[in-house]
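If you scroll down you'll find the structure; I have some questions about it.
This is a predicted model, so every value here is computed, not measured.
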Amino acid sequence: MTPWLSIVIPARNDAAALARTLAYLARLPGIAGAEVIVAAAGDVEGTTAAVAGRARLLWPHGSTRAQLMNAGAAAAGGDTLLFLHADSFPPAEALSLIHGVLADPRAVGGAFEHLFAEPVWSLRAITWINRIRYRLTRNYYGDQGVFVRTDVFRTLGGYRDLALMEDLDFTQRLKRCGRSVLITTPLVTSGRRFLARGPWRTFAFIVWLLALWSLRLDTQRYAERWRGPATRSPGARWGKDARGDEELRTAKTEEPRDEAENKKARNDVAAPEINGSGNLLDQPTHAPTRVSGTRYKCSS
């Protein structure tokens, strides 16, 4: 049976969070009518174990969210795409809510209300500040569970190859195609990045990035600072703290990582030849864009 919805999850060195999200999705009402695609980079062994046959696992070239999500979307068979972070939990009625929104032919996509999982007062305050922003602008971030009609996504050319702000860029362009709808039932996502780096410090950094973006100045130079070290999971400390961790690890050993350790990490260069689970390896990040006839007039 052809799925009506394809859930695309980008994951980079995030096996533990991914396993929890996949277990949650397996219990989601209506999930039988959807497919789940994980587009991964980094930890091959851990990610493969986390997926455990509960999703289609791809290993495309590249490791940014934009590259991984584009690869997942290229392999998707559903008429609708839902992009979900590896540490996010959509509401129980998420699939029926998306279906209801897109029953309106004027609607092209949208996102959910955002809510941090951790009951920390600073995160609650940041949530409410952020809600004011996206309710006024209809510009959404990826941790809100962005969904879109597949033909509209392909007409727009997918996510631009940005290392940072790819979600904001996409949802700004999405509005030009039709109605972009906010579902006010919250999607719960982890605030681990904020907690690890300091909630207000992290929020201030986001505001700085947003200001640069609004002024059409360079934000990509800050991508590595936001993403953290390529060998670590999302939410790792940044700046001097992260460098200090790396220096400490290096000081503890005079030998480089052995071959077995290297095989655990899949980045842009290294790759296992086969993983024995039928997963696609080395899928191009950008498959040829399939643009079929669409009634939506989008400007990218």
Side-chain angles (χ1 to χ4, degrees), residues 3-28 30-92 94-95 97-98 109-112 114 117 140-148 150 153 158-159 166-167 170-171 187-193 227 232-235 266-267 275 277-281 283 285-287:
W4 73 271
L5 175 70
S6 298
I7 303 174
V8 177
I9 305 176
R12 187 189 71 159
N13 296 319
D14 210 7
L18 178 63
R20 291 190 291 270
T21 297
L22 292 176
Y24 175 85
L25 291 177
R27 302 189 299 269
L28 209 62
I31 195 65
E35 66 174 345
V36 181
I37 299 172
V38 173
D43 178 14
V44 173
E45 185 177 310
T47 302
T48 302
V51 171
R54 294 177 292 192
R56 185 180 181 190
L57 179 57
L58 312 179
W59 293 97
H61 292 297
S63 63
T64 67
R65 278 207 177 107
Q67 292 168 334
L68 296 177
M69 291 189 294
N70 280 338
D79 294 329
T80 303
L81 301 168
L82 168 62
F83 296 98
L84 189 67
H85 284 186
D87 59 357
S88 296
F89 302 89
L95 304 193
L97 289 171
I98 293 173
F112 291 87
H114 176 272
Y140 308 122
Y141 289 141
D143 57 4
Q144 291 179 249
V146 174
F147 60 92
V148 59
T150 303
F153 180 83
Y159 287 94
E166 79 292 330
D167 45 5
F170 179 77
T171 56
L187 178 147
V188 177
T189 194
S190 173
R192 55 187 171 159
R193 188 190 303 267
R227 296 175 69 204
R232 300 179 65 185
S233 62
R266 178 185 178 82
N267 296 309
N275 59 22
S277 60
N279 300 321
L280 300 182
L281 302 178
Q283 177 176 328
T285 300
H286 297 285

Inset, instruction - Would you mind reporting whether Val36 and Arg54 have side-chain heavy atoms less than 4.5 Å apart? - result: no
Inset, instruction - Taking all heavy atoms of Leu68 and all of Ala40, pick out the closest pair and write down the distance. - result: CD2-O, 3.8 Å
Inset, instruction - Starting from the C-alpha separation in whole Å, work towards a yes-or-no answer on side-chain contact (heavy atoms from CB on, under 4.5 Å) for Val146 and Phe153. - result: CA-CA 11 Å; Val146 174; Phe153 180 83; over 6 Å; no
Legend entry - Donor-acceptor under 3.5 Å (Ser88 side chain, Thr189 main chain): no
Inset, instruction - Mind checking the CG-OH spacing from Asp167 to Tyr159? Nearest 0.5 Å is all I need. - result: 7.0 Å
Legend entry - Nearest-0.5 Å distance, CG of residue Leu25 to CZ of residue Phe89: 8.5 Å
Inset, instruction - Go through the steps to decide whether Ile31 and Ile7 satisfy the test side-chain contact (heavy atoms from CB on, under 4.5 Å), and finish with yes or no. - result: CA-CA 10 Å; Ile31 195 65; Ile7 303 174; 3.8 Å; yes
Inset, instruction - State the CD1-CG distance between Ile98 and Leu82, to the nearest 0.5 angstrom. - result: 4.5 Å
Inset, instruction - Measure the spacing between CG of Leu18 and CG of Asp87 and express it to the nearest 0.5 Å. - result: 10.0 Å
Inset, instruction - Grab the two heavy atoms, one from Gly142 and one from His85, that are nearest each other, plus how far apart they are. - result: C-NE2, 3.5 Å
Legend entry - Under 3.5 Å donor-acceptor, Asn13 side chain and Asp43 backbone: yes
Inset, instruction - Please determine if Arg192 and Asp14 form a salt bridge, counting it only when a charged side-chain N lies under 4.0 Å from a carboxylate O. - result: yes
Legend entry - Check: Thr150 side chain, Gly78 main-chain N or O, donor-acceptor pair, under 3.5 Å: yes
Inset, instruction - Please answer whether the main-chain N or O of Phe112 pairs with a side-chain N or O of Tyr140 as donor and acceptor at a distance below 3.5 Å. - result: no
Legend entry - Backbone of Ala75 reached by a side-chain donor or acceptor of Arg56 within 3.5 Å: yes
Legend entry - Which atom of Ala86 lies closest to which atom of Thr21, heavy atoms considered: O-OG1, 2.6 Å
Legend entry - Least distance between heavy atoms, Leu97 atom then Pro91 atom: CD1-CG, 4.4 Å
Legend entry - Nearest heavy-atom neighbours spanning Gly72 and Ile37: O-CD1, 3.7 Å
Inset, instruction - To the nearest 0.5 angstrom, please state how far the CZ atom of Phe83 sits from the CE atom of Met69. - result: 6.5 Å
Inset, instruction - Rounded to the nearest 0.5 Å, what's the gap from CG on Leu187 to CZ on Phe147? Could you check? - result: 11.0 Å
Legend entry - Closest non-hydrogen atom pair, Ala50 against Leu22: O-CD1, 3.9 Å
Legend entry - Test item: Glu35 side-chain N/O and Gly77 main-chain N/O as donor-acceptor pair under 3.5 Å: yes
